[in-house]
Amino acid sequence: MTDGPAPGSNEARTLLQALYKEMEPQHLFPLWEVLAALVTPTPTSAVQPHLWHYEDARAHLLRAGDLISAEQAERRVLILENPGLPGTSSVTSSLYAGLQLILPGEVAPCHRHTQCALRFVMEGDGAFTAVDGEKAVMRPFDLILTPNWQWHDHGNDSGRPMIWLDGLDIPTVRFYAASFAERLPDGAMAHPETAPPGDTAARYGRNLRPFGGTAAARRPGRLPLFHYPYAEWRESLAVMARAGDPDAHLGHALEFINPADGGDVMPTIAAHVRLLPRGFATRARRSTDATVFVVVEGSGTARIGGRQLALAPRDIFVVPSWAALELEAATELVLFGYSDAAAQRKLGLWRETRE
Ligand code: GTQ
């Protein structure tokens, strides 16, 4: 059209606004008004750095324990919701975090779902998560997995409350609209016992696996292992710490792996631990996987962008995607962390920078 208004003129702008108004009822919108916000040169995120003091959350959780049973609740959990994502039950854009309580004698009924879950034990000793009918006896700071569609129930035969952190990919599964869930038939609470505790660790956890094609191969081959005890991962960190030479950006760091393929523990979630010697300060590092951390031992500070968080044992904090993280250990500091790096690596998205 040669006789229209000159592009960029006031008249053209007025006509464009009219065009937008006419299109809107047909759910059509101009990309050029939003392109820069959609395709950003570096990550932008509504996720905010935040820290939950364990003792405060624990007090609320125990009050809930007086008011609703694990069975009534199905899962008695306080959701750790990111202040930048209100109403979403999300701790980062892709992940969920919650603190779950099981009191002595209680059971959380068996179910399975397409969401992947990890449990990181915060307190208590001797309760269990049963995965496909095999109990993982939970000790402080153990990591336990319930990969998608594996049956799981929780129970507490110990004499003390048991609290753990639940890390799930609930927002990821919601994003794909791919949630399925079911309970055991006939109202059954617990999965029938299929193997004694420790059976999977013996068959799959020692750089061994049952001979292929035999009945001994009782676990799903692509993701057999589900218990990563504190006693084992902590000893590995201790050996590294004695050897010295921490990485400038991470300290002494170990990733949990799936022995079937050497990759991350679950398709959507990666998990790791790190140890910073007393007085050690990391250099700044950014990565695209927003990460949820648990302070296992020690104290120090986390500087996240402009924010500074004081870290104490059992506190839980979250670092947004692409925020520069610097950690400083006042005393020897041990952290557990989980993120969506597993999914991002598969999608070709994961990046980091080390300053
Ligand atoms: O234990 O299966 O925190 O299904 C949220 C959803 C825990 C669980 C949560 C769940 C579970």
Side-chain angles (χ1 to χ4, degrees), residues 52 54 57-58 60-62 64-65 68-82 85 87-103 106-124 127-138 142-157 161-185 187-191 220 223 226-228 265-269 271 292-294 314 316 318 336 338-340:
W52 289 265
Y54 180 67
R58 177 185 191 275
H60 293 298
L61 186 54
L62 290 173
I68 184 166
S69 74
E71 199 180 317
Q72 279 168 338
E74 185 159 345
R75 297 295 184 263
R76 188 203 287 114
V77 178
L78 297 187
I79 298 167
L80 279 53
E81 186 180 78
N82 193 282
L85 305 171
T88 64
S89 304
S90 302
V91 68
T92 69
S93 22
S94 60
L95 296 175
Y96 158 103
L99 282 169
Q100 179 158 179
L101 167 67
I102 304 252
L103 292 167
E106 286 192 323
V107 288
C110 194
H111 68 191
R112 65 178 178 179
H113 39 67
T114 49
Q115 290 81 2
C116 287
L118 62 78
R119 330 283 167 189
F120 190 72
V121 179
M122 302 295 289
E123 111 174 48
F128 65 85
T129 289
V131 180
D132 288 337
E134 179 185 337
K135 286 177 182 171
V137 179
M138 300 170 95
D142 283 3
L143 172 66
I144 289 147
L145 312 179
T146 57
N148 51 12
W149 215 241
Q150 298 191 10
W151 292 107
H152 52 284
D153 49 278
H154 314 291
N156 189 349
D157 318 317
M162 190 93 201
I163 299 176
W164 62 80
L165 182 73
D166 283 323
L168 286 90
D169 57 6
I170 287 172
T172 299
V173 175
R174 181 168 58 203
F175 175 78
Y176 291 113
S179 177
F180 292 87
E182 61 188 26
R183 293 276 288 265
L184 277 179
M189 286 291 130
H191 196 286
L223 231 168
F226 56 82
H227 193 181
Y228 298 73
V265 281
M266 289 186 287
T268 48
I269 306 180
V292 179
F293 287 98
V294 176
R314 291 188 168 80
I316 298 158
V318 56
F336 164 81
Y338 71 95
S339 79
D340 64 10

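Whatever order the structure lists them in is the order used to number ligands and atoms, beginning at 1.
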Closest non-hydrogen protein atom to [atom], residue and atom name please, with distance?
atom: atom 11 (C) of ligand 1; answer: Arg75 CG, 3.7 Å
atom: atom 6 (C) of ligand 1; answer: Leu168 CD2, 3.9 Å
atom: atom 7 (C) of ligand 1; answer: Asp166 OD2, 3.3 Å
atom: atom 5 (C) of ligand 1; answer: Tyr96 OH, 3.5 Å

Atoms of ligand 1 close to [X] [distance to a heavy atom under 4.0 angstrom, numbered from 1]:
X: His152; result: 2 (O), 8 (C)
X: Gln100; result: 1 (O), 7 (C)
X: Val77; result: 3 (O)

Separation between [atom1] of [X] and [atom2] of [Y], rounded to the nearest 0.5 Å:
X: Gln100; Y: Leu165; atom1: CD; atom2: CG; result: 10.5 Å
X: Leu101; Y: Leu78; atom1: CG; atom2: CG; result: 8.5 Å
X: Thr92; Y: Asp340; atom1: OG1; atom2: CG; result: 6.0 Å
X: His154; Y: Asp166; atom1: NE2; atom2: CG; result: 6.0 Å

Original post:
Would a distance-only check, ignoring hydrogens and angles, find a side-chain to backbone donor-acceptor pair under 3.5 Å from Glu106 to Ala70?
Top reply: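 Flag set: sc Glu106 to bb Ala70 pair under 3.5 Å.
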Original post:
So, Asn82 side chain and Val91 main chain: donor-acceptor pair closer than 3.5 Å or not?
Top reply: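 Confirmed, Asn82 side chain pairs with Val91 backbone.
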Original post:
Cut-off 3.5 Å, side chains only: do Arg174 and Thr88 have a donor facing an acceptor?
Top reply: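 Looking only at side-chain atoms, Thr88 and Arg174 do not form any donor-acceptor pair under 3.5 Å.
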Original post:
Judged by modelled atom types alone, do His152 and Thr129 share a side-chain donor-acceptor pair under 3.5 Å?
Top reply: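 His152 vs Thr129: no donor-acceptor pair found between side chains.
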**OP:** Counting heavy atoms only, name the option from Arg112, Glu74, Arg76, His113 that's nearest to atom 4 (O) of ligand 1.
**Re:**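 Answer by nearest heavy atom: His113.
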**OP:** Using a 4.0 Å heavy-atom threshold (strictly under), name the region of Gln115 that reaches ligand 1: side chain, backbone, both or neither.
**Re:**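 Neither; nothing of Gln115 gets under 4.0 Å from ligand 1.
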**OP:** Have a look at ligand 1 and work out which part of Thr146, if any, has a heavy atom under 4.0 Å from it: side chain, backbone, both or neither.
**Re:**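 Near ligand 1, Thr146 shows nothing, with every heavy atom at 4.0 Å or more.
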Original post:
Touching ligand 1 at all, His111? Heavy atoms, strictly under 4.0 Å?
Top reply: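 In this structure, His111 qualifies as a contact of ligand 1 - some heavy atom is under 4.0 Å.
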